[in-house]
Amino acid sequence: MKYDTIIIGGSEAAFASGLILAGAGQKVAVISHGQTFLHCSAASLGLLGYDKDGNPVHNPVDAMAALPDSHPYSKIGVGRVCELAQDVKDLFVRSGIPMHGSYERNHYRMSPIGVFKPAWLSMDTSPVAASPDDVKTWGKVLILGIEGFLDFFAKFIASGLGAIGVNTEIRNISLPELSALRSGSTEKMRATNIARVIVSEKNIEDVALRINIAVESSHADTVVMPAVFGLSDPLFGVRLQSKLKCRLMFVPTMPVSVPGLCAKGRFESRFRQIGGTLFYGDTVSGGEFVDGSLKSVRTLNMAETALYADNFILATGNFINHGLVASPSGVSEPLFGLDIMPFAESGFTGSDFFGRQPYMKCGVATDSDFRVALNGNMINNFYAAGSILGGCDTLKEESGAGVEYISAIAVAKKILEKEGGLK
């Protein structure tokens with residue numbers, strides 16, 4: 001089988017580059033073993049949230065000027081990053097997921113445990129504010145759980161809000177539609193299972209009724225609930241909000257994330273609609289390199305069939321996704337044995353377990369166009385995108401989503417430029 005571009009991995013970077021390439025008329029395939037970091041994704045994206053000293057970043061563009069040359073943003077160029085940031089926002093909108101925010105200034109989003117972190121883009125019903133201090137404008141906050149749902153840490157959220165002077169109250173509501181789930185084991189009362197039950201317009205009316213009753217008796221101005229609605233409909237929360245007497249915000253739960261799965265489903269659907277091919281539940285087992293180029297790959301499920309392409313993108317993620325493997329002897333890329341960027345810092349790990357760990361900046365070695373290297377030689381048609389890139393500590397920087405999407409679109413556009421653009 002022959003493609004214009006084959007993308008290895010199912011990360012945010014894989015779908016971002018796949019949507020750009022397939023949308024330009026390329027024949028594109030994505031090979032993914034299945035579960036990706038989108039299953040854990042919150043309803044917000046970070047571009048650059050913290051500087052090297054751990055201080056919050058207010059203007060990501062200004063802060064990028066201080067990043068090292070090895071950082072993916074530095075390789076792309078700050079001006080180009082700003083252009084691609086708008087492309088990311090457009091990518092979500094075209095997939096039916098409204099996002100608000102700007103690369104020029106971070107806002108703050110509330111985490112599942114009530115901690116406020118800098119963010120770049122957020123879904124419409126996310127609990128966000130211009131600054132932590134502006135959360136006080138929410139007024140009295142009713143933290144509303146769902147009876148039988150355990151993956152919502154209301155006391156942590158109340159503690160986080162209380163620390164900045166917000167008056168809160170905790171309550172639960174009971175939804176009769178979930179009685180079958182509640183009668184089973186607690187494993188059934190998970191966010192995704194609830195989202196599969198509460199889907200209809202009547203469900204929205206029932207939930208709105210119970211929220212309004214709780215709001216009237218508590219005199220709340222804002223309701224914070226777990227993000228357990230809208231698995232296939234990113235506008236579910238917007239429609240629910242229209243029926244309420246107060247502001248409604250959804251806090252993403254601990255994984256699995258309903259907003260993350262909603263985004264994943266939207267990306268997959270649109271990718272297929274524009275002609276993309278998905279090989280799910282499969283893993284690349286190796287590739288054929290000829291004269292400085294990657295000619296084909298084979299997978300575990302299609303061992304006898306080689307998949308050929310003009311270009312390849314590696315978007316398997318970092319240590320969390322097993323795109324990189326760390327051992328006492330160092331860091332490696334497990335699929336092809338690609339070169340890892342030189343380890344310049346002293347020490348492999350830091351002495352503070354919760355501090356920055358030097359090895360987290362490891363990644364595959366690439367040139368300025370994100371072409372990868374094997375045994376010291378650049379591979380002409382093989383690119384890397386996303387968190388498998390080195391030079392950045394995406395967890396500590398709160399830059400994971402930005403690096404994923406922006407590097408992916410940069411690589412996709414580089415391929416289109418090389419291949420002559422639209423087909």
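Taking the side chain as every heavy atom from C-beta outward, V223 and L244 never approach each other to under 4.5 Å. Taking the side chain as every heavy atom from C-beta outward, Q241 and V238 never approach each other to under 4.5 Å. By the 4.5 Å heavy-atom criterion applied to side chains, I274 and L19 are counted as neighbours. With contacts defined as side-chain heavy-atom distances shorter than 4.5 Å, the pair T394/N318 qualifies. Taking 4.5 Å as the limit, some side-chain heavy atom of L338 sits within range of a side-chain heavy atom of L314. Side-chain contact between S399 and Y73 is present, with heavy atoms from C-beta onward closer than 4.5 Å. Considering only heavy atoms from C-beta on, M64 stays 4.5 Å or farther from S74 through its side chain. For the pair V61/Y103, a side-chain contact is recorded, criterion being any heavy-atom separation below 4.5 Å from C-beta on.
The aromatic rings of Y108 and H58 lie tilted to each other, with the angle between the two planes from 30° to 60°.
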Evaluate L278 against E268 for side-chain contact (heavy atoms from CB on, under 4.5 Å), listing each step before the verdict. CA-CA 8 Å; L278 280 172; E268 288 178 1; 4.0 Å; yes

Given the rule in the side-chain contact (heavy atoms from CB on, under 4.5 Å) test, do V207 and F236 qualify, once you have shown the distances and angles that lead to the verdict? CA-CA 12 Å; V207 173; F236 187 102; 5.7 Å; no

When you look at I313 and L21, which way does the side-chain contact (heavy atoms from CB on, under 4.5 Å) test go after all the steps? CA-CA 11 Å; I313 300 174; L21 291 167; 4.0 Å; yes

How far apart are the C-alpha atoms of S17 and V411, what are their side-chain angles, what is the distance that settles it, and do they pass the side-chain contact (heavy atoms from CB on, under 4.5 Å) test? CA-CA 7 Å; S17 56; V411 166; 5.7 Å; no

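Checking side-chain atoms of E404 against main-chain N and O of S387 turns up a donor-acceptor pair under 3.5 Å. N193 contributes a side-chain N or O that, together with a main-chain N or O of K188, makes up a donor-acceptor pair within less than 3.5 Å. Of the possible donor and acceptor atoms, one in the side chain of K89 sits under 3.5 Å from a partner among the backbone N and O of G101. No donor-acceptor distance shorter than 3.5 angstrom exists from the side chain of S11 to the backbone of G317, with no hydrogens or angles considered. Under a 3.5 Å cut-off, the side chain of S242 and the backbone N or O of R239 do form a donor-acceptor pair. Between the side chain of D4 and the main chain of K27, a donor-acceptor pair closer than 3.5 Å is present. One N or O on the side chain of D339 and one on the backbone of N375 form a donor-acceptor pair closer than 3.5 Å. Side chain of S407 to backbone of G386: a donor-acceptor contact under 3.5 angstrom is found. At distances below 3.5 Å, not a single donor-acceptor pair connects side-chain atoms of D369 with backbone N or O atoms of R371.
In plain terms, the two heavy atoms of C246 and T222 that are nearest each other are CB-N, 4.5 Å. Between P226 and F250 the shortest heavy-atom distance is O-CD2, 3.6 Å. The two residues M360 and L395 have their closest heavy-atom pair at CE-CD1, 3.7 Å. When all heavy atoms of V251 and P127 are compared, the pair lying nearest together is CG2-CG, 3.9 Å. What you find for T253 and A191 is that their closest heavy atoms are OG1-CB, 3.8 Å. In this structure, N106 and P118 approach most closely via the heavy-atom pair ND2-CB, 3.9 Å.
The CG atom of L45 sits 9.5 Å away from the CD1 atom of I406 when rounded to the nearest 0.5 Å. Here the straight-line distance linking atom CE of M110 with atom CH2 of W138 works out to 5.0 Å at 0.5 Å rounding. Separating the CG atom in D51 from the CD atom in E397 is a distance of 9.5 Å, to the nearest 0.5 Å. The CD atom of E104 sits 11.5 Å away from the CG atom of L47 when rounded to the nearest 0.5 Å. Here the straight-line distance linking atom CZ of R190 with atom CG of L181 works out to 12.0 Å at 0.5 Å rounding. Taking CD1 of I379 as the reference point, atom OG1 of T366 lies at 12.5 Å (rounded to 0.5 Å).
Within a 6.0 Å sphere centred on CG of D69, heavy atoms belonging to other residues, nucleotides or ligands number 12 at most. With a 6.0 Å radius and a threshold of 12 heavy atoms from other residues, nucleotides or ligands, H100 has its NE2 atom above the threshold. Other residues, nucleotides and ligands place more than 12 heavy atoms under 6.0 Å from the CG atom of L300. Remark: F156 CZ is loosely packed, at most 12 non-hydrogen atoms of other residues, nucleotides or ligands lying under 6.0 Å away. The number of heavy atoms from other shown groups lying within 6.0 Å of CG (D291) does not exceed 12.
The distance between the ring centers of F15 and Y405 does not fall below 6.0 angstrom.
Screening S126, S122, S131 for a side-chain hydrogen bond (donor to acceptor under 3.5 Å, both in side chains) with H107, the sole residue that qualifies is S122.
Remark: K413 does not engage E417 in a salt bridge, criterion side-chain N to carboxylate O under 4.0 Å. With salt bridges taken as basic N to acidic carboxylate O contacts below 4.0 Å, one links D310 and K2.
Side-chain N/O atoms of D282 and T299 include a donor and acceptor closer than 3.5 Å.
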